[in-house]
Amino acid sequence: MADSSKDELIQLIKRVGAYLTVKISNILPTPFQNTRSIGALAGLALAIVFTWKFLRTPAPRQRRQPKRRGATPSNSGTSPPPNANMSSSLVHSTSEDSGAQHVVDEFFQPVKLTLAHLVRQRLSEARKVTCRLLGVILEETSAEELQNHVTVRSSVVEVLLEITKYCDLYLMESILDDQSEEKILLALEEAGIFTSGGLVKDKVLFCSTEIGRTSFVRQLEPDWHIDTNFEIISQLARFIKYQLHISPSRPERMASNVFSCRSLEQFIGCPS
């Protein structure tokens, strides 16, 4: 019986290990899943194993029936067939295997993370983030468009507000005239970007050239920079800890600290 329990425990550990291998392989491409996260998963696995071992109901022991005195040979014909005990053992074993699998499945039900958890997880507890406006926060993709209209992407507002709760966030853009600056600030204000208090107008920076934006980032030294310009991302790759390149296509990864995605929301993990 002890050997059987030991085998069951080993099998359960193997199942948990296989599951964790898949989970960790899906998580690790994001650099910010540090060793603490992996250790937490391993600790969870061990907790599950010992919890299952502790809570599982032991198989009921069969009580030995007292021998009846004066049993006649004629009663032997009513005894159960030899295969009955074997069938019962197989059913019991299958039931225990099913129970073990059920425990694993129950513990590893997918957990629905909140936006706050997603932001912290993907940005790796960053303290300072810089982000360009065009193509990331705004629908417009060129400075010329900003002269006519400015539209804040509604799907990114909630993400920005969550980032500002624990990050020092700076938004920046290169523009052609002062009117574009006024339009941008007004659009951001109307979208509610400044309502949380985490982002103020002084942290929305403007310049006249792409080089100026690069200079802003170098001076601020953020943990993350988010941009749509491939050249700027390339130039900053050796100076900034992590970068996110927002692009409709997915170019080849230029460095281990540079990531690419269609949008900031998609990178964070929000529904598209």
Side-chain angles (χ1 to χ4, degrees), residues 19-20 22-45 47-48 106-139 151-172 184-185 187-205 217 220-228 240-247 256-272:
Y19 184 93
L20 287 178
V22 174
K23 275 300 195 185
I24 292 173
S25 66
N26 291 334
I27 293 172
L28 281 182
T30 306
F32 11 86
Q33 292 300 321
N34 52 31
T35 53
R36 288 184 301 170
S37 299
I38 300 173
L41 284 175
L44 176 61
I48 291 169
E106 281 292 316
F107 272 99
F108 285 109
Q109 285 295 323
V111 177
K112 188 176 181 180
L113 297 177
T114 64
L115 179 59
H117 286 114
L118 289 171
V119 169
R120 288 177 179 270
Q121 184 183 69
R122 298 297 279 171
L123 295 183
S124 187
E125 305 290 339
R127 290 291 173 263
K128 186 183 291 185
V129 176
T130 55
C131 178
R132 86 166 299 181
L133 288 160
L134 284 173
V136 183
I137 311 303
L138 306 179
E139 297 282 1
T151 309
V152 177
R153 301 177 66 247
S154 58
S155 58
V156 81
V157 172
E158 194 175 357
V159 174
L160 283 182
L161 292 177
E162 196 61 49
I163 291 175
T164 60
K165 287 180 182 179
Y166 73 98
C167 274
D168 194 12
L169 176 65
Y170 290 83
L171 304 180
M172 55 189 64
I184 289 172
L185 291 175
L188 292 174
E189 185 173 13
E190 290 178 346
I193 301 297
F194 302 125
T195 56
S196 68
L199 180 66
V200 296
K201 291 182 180 180
D202 289 342
K203 290 185 178 180
V204 184
L205 310 177
V217 178
L220 290 168
E221 298 182 336
D223 300 301
W224 274 89
H225 176 61
I226 304 165
D227 211 299
T228 60
I240 308 302
K241 188 175 181 180
Y242 298 120
Q243 289 193 94
L244 174 60
H245 180 213
I246 302 298
S247 172
S256 60
N257 63 332
V258 177
F259 303 86
S260 179
C261 205
R262 289 179 175 273
S263 68
L264 175 58
E265 311 94 274
Q266 189 180 72
F267 180 74
I268 295 298
C270 301
S272 55

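Worth saying up front: this structure is predicted, and the values here are computed from it rather than measured.
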Practice task
Decide side chain to side chain contact (heavy atoms under 4.5 Å, CB included) for Tyr166 and Val119; before the verdict, give the C-alpha distance in whole Å, the side-chain angles of both, and the deciding distance to 0.1 Å.
Solution key: CA-CA 10 Å; Tyr166 73 98; Val119 169; 3.0 Å; yes

Exercise for the section: List the steps and the verdict of side-chain hydrogen bond (donor to acceptor under 3.5 Å, both in side chains) for Thr228 and Arg132. Expected result: CA-CA 8 Å; Thr228 60; Arg132 86 166 299 181; 2.9 Å; yes

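Side-chain contact between Leu138 and Thr151 is absent, with no heavy atoms from C-beta onward closer than 4.5 Å. Inter-residue side-chain proximity for Gln243 and Phe259 is flagged as unmet; no heavy-atom pair is nearer than 4.5 Å. A 4.5 Å side-chain heavy-atom check between Val204 and Leu133 finds at least one atom pair inside the cut-off. Counting only heavy atoms from C-beta outward, the side chains of Leu205 and Leu171 never approach each other to under 4.5 Å. Between Leu264 and Gln266 there is no side-chain heavy-atom pair separated by less than 4.5 Å. Asp168 has its side chain within reach of Lys203: a pair of non-hydrogen atoms, C-beta onward, lies under 4.5 Å apart. In this structure the side chain of Met172 reaches within 4.5 angstrom of the side chain of Thr130, judged on heavy atoms. Proximity of Pro222 to Ile240: side-chain heavy atoms (C-beta onward) are separated by under 4.5 Å at one or more points.
Annotation: the span from Lys165 atom NZ to Arg120 atom CZ amounts to 9.5 Å, rounded to 0.5 Å. Rounded to the nearest 0.5 angstrom, Leu169 CG and Cys131 SG are separated by 7.0 Å. Atoms SG and CD, from Cys167 and Glu162 in turn, are 10.0 Å apart once rounded to the nearest 0.5 Å. Summarising the geometry, atom CG belonging to Asn257 is positioned 8.0 Å from atom OH belonging to Tyr242; distances are rounded to the nearest 0.5 Å. We find the CZ-OG1 distance between Phe194 and Thr164 to be 11.0 Å, quoted to the nearest 0.5 Å. Taking CG of Asp227 as the reference point, atom CG of Leu244 lies at 9.5 Å (rounded to 0.5 Å).
Salt bridge status for Arg153 with Glu265: present, with a side-chain N to carboxylate O gap under 4.0 Å. Between Asp223 and Arg127 there is no salt bridge, since no side-chain N of the basic residue sits under 4.0 Å from a carboxylate O of the acidic one. Remark: Lys201 engages Glu189 in a salt bridge, criterion side-chain N to carboxylate O under 4.0 Å.
Lys128 places a side-chain N or O within donor-acceptor distance of the main-chain N or O of Leu220, the cut-off being under 3.5 Å. Trp224 contributes a side-chain N or O that, together with a main-chain N or O of Leu123, makes up a donor-acceptor pair within less than 3.5 Å.
Under a cut-off of 6.0 angstrom, the local environment of CD in Glu158 is sparse, with at most 12 non-hydrogen atoms contributed by other residues, nucleotides or ligands.
The two residues Ile246 and Gly135 come nearest to each other via the heavy atoms CG2-O, 3.9 Å. Of all non-hydrogen atoms in Leu161 and Ile193, the two that sit nearest each other are CD2-O, 3.7 Å.
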